[in-house]
2 protein chains.
Amino acid sequence: MARIAGSSGPRTEEAIRRAGLALIATHGYAAMSLRQLAAEVGIQQGSLYNYFRNKQEFLFDLIRGHMLDLHAALDAALLPDGSAEARLTRFTEFHVAYHVERPQEVFICYSELRSLEPDNLAAVVAMRRDYERKLGDILDHGCATGEFGLADTRMATLAILAMLSGICTWYKPEGRLSTTALQEIFTGMVLALARGGEPAAAAVPARRRGALRAGAA
Amino acid sequence: MARIAGSSGPRTEEAIRRAGLALIATHGYAAMSLRQLAAEVGIQQGSLYNYFRNKQEFLFDLIRGHMLDLHAALDAALLPDGSAEARLTRFTEFHVAYHVERPQEVFICYSELRSLEPDNLAAVVAMRRDYERKLGDILDHGCATGEFGLADTRMATLAILAMLSGICTWYKPEGRLSTTALQEIFTGMVLALARGGEPAAAAVPARRRGALRAGAA
DNA sequence: GTCTATAATACGATAGAC
DNA sequence: GTCTATCGTATTATAGAC
């Protein structure tokens, strides 16, 4: 918000990045004006164009940069082999810690895909697919060895990622639970989910669709 | 997109609602212009103001209306008593079916809370809390009876809701799985998660935080 | 690299005729 | 209830001085 006049370069770039992350995470890309962003950094709106060619490029750089970080960090953290349970545990611990450390970046990577122009979107979606694949491989492996009992590994992949990514929507550093506690709790839930159990079918009388709306069908 | 000139009232209202849902779900509230909305309906932009006082009121009506529907439908679907497993099964089946039937509404209720002005947001958040409470009660009950083995029912509530709500981000009617199949798969995963299992701790050597970033700490 | 100034356009919202 | 027309403002992006 404050600024020593006439200054900087890399410092300004980092300040823009941080302010942009916060503004987009809070209000959304479309709702963030460049005047607002510039004011947050402490420069004039036109000066932003020394750091990107247009607003869309700024968003894409943020998202793409974060996806690259995420992939590199995941690859460094994952166990190359071992039991499926051990690999899934490591995946979950990584995911929780990463979401806790960088909730804004993670959130934007989900919520602002809609704001990317087609070419940019395609690039990000491809990276996202790779990421899902890494979890899917662990689940497939566990089902093959009998460690896991999943009815549908693709659905389990999406379910686990949604569950873990949800963290960045409610996590606050000052909250009740430490990162380690969150890792234990979520690892427990993810492993239980993956291990499965007796099929739940017929645990309750079949009534799969009726009474869905209050009044209508 | 087309329109018989000079016409309607309730028909226009419903058309605006439907077009607004689709536009907001696709592009987001801030990115949707009223000119765009009017064009989709086939009227002029100024005519929209016969149906709401301003853009914010339109969003709030959409979200609030849907939350009321959701609550009424859930109350009609839930089992008032029975085993925790049966109640959780019913909750999950309901949630899946509802997300499959009305993915746009559900999605907006999550993604556009940020676009609500403070008073409107407070009203919606209160309704959301009630909803979470209903799942939380089932989980608490199951833990008390020993049916479930959850380390933290609040985290489990958020995890299960995130997992189920994720459906509306990828579901397509023409997809591989029927609603019934999705209900069975997700019921199985949610029940397995709730039942828990032996604590997962120490399933893998402790390494909860190291090597999170690719290069840095 | 930052500033001021501004172009060109789009926005939400209103007024008044029909 | 819908239209046309427009007000006042905000937007992204550019040009040129320092």
Side-chain angles (χ1 to χ4, degrees), chain A residues 1-21 23-24 26-63 108 112 114-120, chain B residues 1-21 23-24 26-63 108 112 114-120:
Chain A
M1 200 74 98
R3 178 177 182 78
I4 293 92
S7 56
S8 308
R11 286 230 315 237
T12 303
E13 180 163 24
E14 177 60 14
I16 293 171
R17 213 189 93 90
R18 296 173 73 89
L21 270 176
L23 284 172
I24 295 174
T26 307
H27 305 294
Y29 168 77
M32 176 195 74
S33 77
L34 295 181
R35 281 176 170 78
Q36 207 177 355
L37 175 59
E40 207 70 34
V41 175
I43 60 176
Q44 293 301 311
Q45 181 250 345
S47 302
L48 290 171
Y49 287 84
N50 288 311
Y51 297 92
F52 48 73
R53 286 187 308 160
N54 52 53
K55 194 185 176 190
Q56 169 73 199
E57 187 188 88
F58 177 59
L59 176 66
F60 181 56
D61 284 350
L62 277 182
I63 292 180
I108 288 174
E112 295 299 346
R114 62 164 62 162
S115 303
L116 290 173
E117 289 166 5
D119 287 356
N120 294 340
Chain B
M1 198 76 97
R3 176 177 182 78
I4 293 93
S7 57
S8 310
R11 286 229 315 237
T12 303
E13 180 163 23
E14 176 61 14
I16 293 172
R17 212 188 95 89
R18 297 172 72 90
L21 271 176
L23 284 171
I24 296 174
T26 307
H27 305 295
Y29 167 77
M32 175 195 74
S33 77
L34 295 181
R35 286 175 168 77
Q36 204 178 356
L37 175 60
E40 207 70 34
V41 176
I43 61 177
Q44 294 302 310
Q45 182 248 347
S47 301
L48 289 172
Y49 287 83
N50 287 311
Y51 297 94
F52 47 73
R53 284 187 308 158
N54 52 53
K55 194 186 176 189
Q56 168 74 199
E57 188 187 88
F58 177 59
L59 176 66
F60 181 55
D61 284 350
L62 278 181
I63 292 180
I108 288 175
E112 295 298 347
R114 63 163 63 161
S115 305
L116 290 172
E117 290 166 5
D119 287 356
N120 294 340

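These numbers were taken from a predicted model, which means no experiment stands behind them. Letters go in sequence order (proteins before strands), and every chain restarts at 1.
- Residues satisfying the side chain to side chain donor-acceptor pair (under 3.5 Å) criterion with A:R114, sequence neighbours excluded, are B:E112.
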| field | B/S/- contact track for nucleotides 11-18 of chain C, protein heavy atom under 4.0 Å | value | BBBB----
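- Distance, A:L48 CG to C:dG1 P: 13 Å, rounded to whole Å.
- B:Q44 pairs by the side chain to side chain donor-acceptor pair (under 3.5 Å) definition with nothing, not counting sequence neighbours.
- The listed nucleotides are C:dC3, C:dG1, D:dT4; the one nearest the side chain of B:Q44 is D:dT4.
- Partners of A:R35 according to the side chain to side chain contact (heavy atoms under 4.5 Å, CB included) rule, which considers only residues two or more places apart in sequence or in another chain, are A:S33, A:Q45.
- By the salt bridge (charged side-chain N to carboxylate O under 4.0 Å, His left out) test, A:E117 pairs with no residue at all, sequence neighbours left out.
- Checked against salt bridge (charged side-chain N to carboxylate O under 4.0 Å, His left out), A:E13 has no partners two or more places apart in sequence or in another chain.
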